[in-house]
Amino acid sequence: MPLEYRKEGGRLVWIRSPFTGCVTYFTDIHKKQSGFRRRAVPPAAQPPDWEAAEDARLAELEAAQRDCPFCPGNEELTTAEILRVAPAAVEGCAATTSPWVIRAFTNLFPRIPEVCTGGRNESYVVVEDPRHFADGARHRDELLYTALLPLAQFRAGLYADIAMARLAYTNPAVQAVIIRKNQGRESGASQPHLHNQVIGSDQPFAPVLQERERLAAEPTLWGEILDFVTDEGFRIAARDGCFLYFCPFGVFPRSYEVVYPEVSGRLTELPGPVIDTFAALLHEALGLLGPLPLDYEIHDGPGIPLHAHLCSRHFPYSNIGGTLNLPSELTATLWPPLKPGSNV
Ligand SMILES: [Zn+2]
Ligand SMILES: [Zn+2]
């Protein structure tokens, strides 16, 4: 079955996800006025004491770092360290007094109960940088975010993820491993300090299984998707057979995908150059969204091409009966896509 969509006057009206069956409609949703208003802040009774306010803000930043289990100096607040990468091993990483730049350990709260994975906790946390806040931060919301990391450091983080995946696969109860990032509270992250997760499961992950089944029935499907996104102007980058594009049928509004159509197999078994290129395009994708709340998930293994789904969690999400709305402008005027900091 070919990719299902409808166009009117050259404009995309709707498209159905070939995997989930959900439909995205391109509408004038961007013209809707939100009835929600921010509550007005009452005027201060006294003229503000700027110096005291600044001191309070800086004290707040220090306190946040003091209490953060992922900050240097608080290593004893996490489970036992499994892996650390020294700053000298990562080209271009920010100057730091921390003895590590990347650090991995098991998650205190396993995503999948240990009883499912032979009694061993197979959920891992990889802290991506010793810094809690962005350089020069003056407010607790000015957190470091992954797109600020140099590519070499992002790549080193992916290799740390892969090392954790290898460890998970030594457990005979583990059938599949997924690499997942949540950036920002809105995406479900419980810790603001930059990190991602590696999760081993006793059974295949449902979306990956769904993709594998659809591709078994229709092996040319992803080629069709690539042709479609190229024709629509949704392709953002291509390098050494790997592609980054805006996905019009993502799970959340504003989704992107990085896919290596000719590469399949577990990440733990793939050659370095493939991982390096994949990391470069995923890093480029993160740069499109910058500090916005987001998630990404890497899907790998036999029967599917190596790929990642990257979803912004910044835009209103309303899934009604398996449909999403995206602004029709996206397909007509907003390309090339979002720049970091853009609020469109
Ligand atoms: Zn921290
Ligand atoms: Zn997938």
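First listed ligand is number 1; within each ligand, the first listed atom is number 1.
- Here His307 contributes NE2 and His309 contributes NE2, and at the Zn ion (ligand 2) these two atoms make an angle of 100°, given to 10°.
- For His193, the N/O/S atom at the shortest distance from the Zn ion (ligand 1) is named ND1.
- Here the two rings, on Trp222 and Tyr260, have centers that are 6.0 Å apart or farther.
- The Zn ion (ligand 1) lies at the vertex of an angle of 110° between the ND1 atom of His132 and the SG atom of Cys71 (rounded to 10°).
- A donor and an acceptor atom, one from each side chain of Glu122 and Tyr124, are located under 3.5 Å apart.
- At least one test fails for Arg235 against the ring of Phe243: distance under 6.0 Å to the centre or angle within 45° of the axis.
- The Zn ion (ligand 2) sits nearest to atom ND1 when only the N, O or S atoms of His299 are considered.
- When hydrophobic clusters are built by joining Ile, Leu, Val, Met, Phe, Trp and Tyr residues whose side-chain heavy atoms come closer than 4.5 Å, directly or via intermediates, Leu158 is not grouped with Phe105.
- Note on Glu211: its N/O/S atom closest to the Zn ion (ligand 2) is OE2.
- Remark: Arg57 does not engage Glu142 in a salt bridge, criterion side-chain N to carboxylate O under 4.0 Å.
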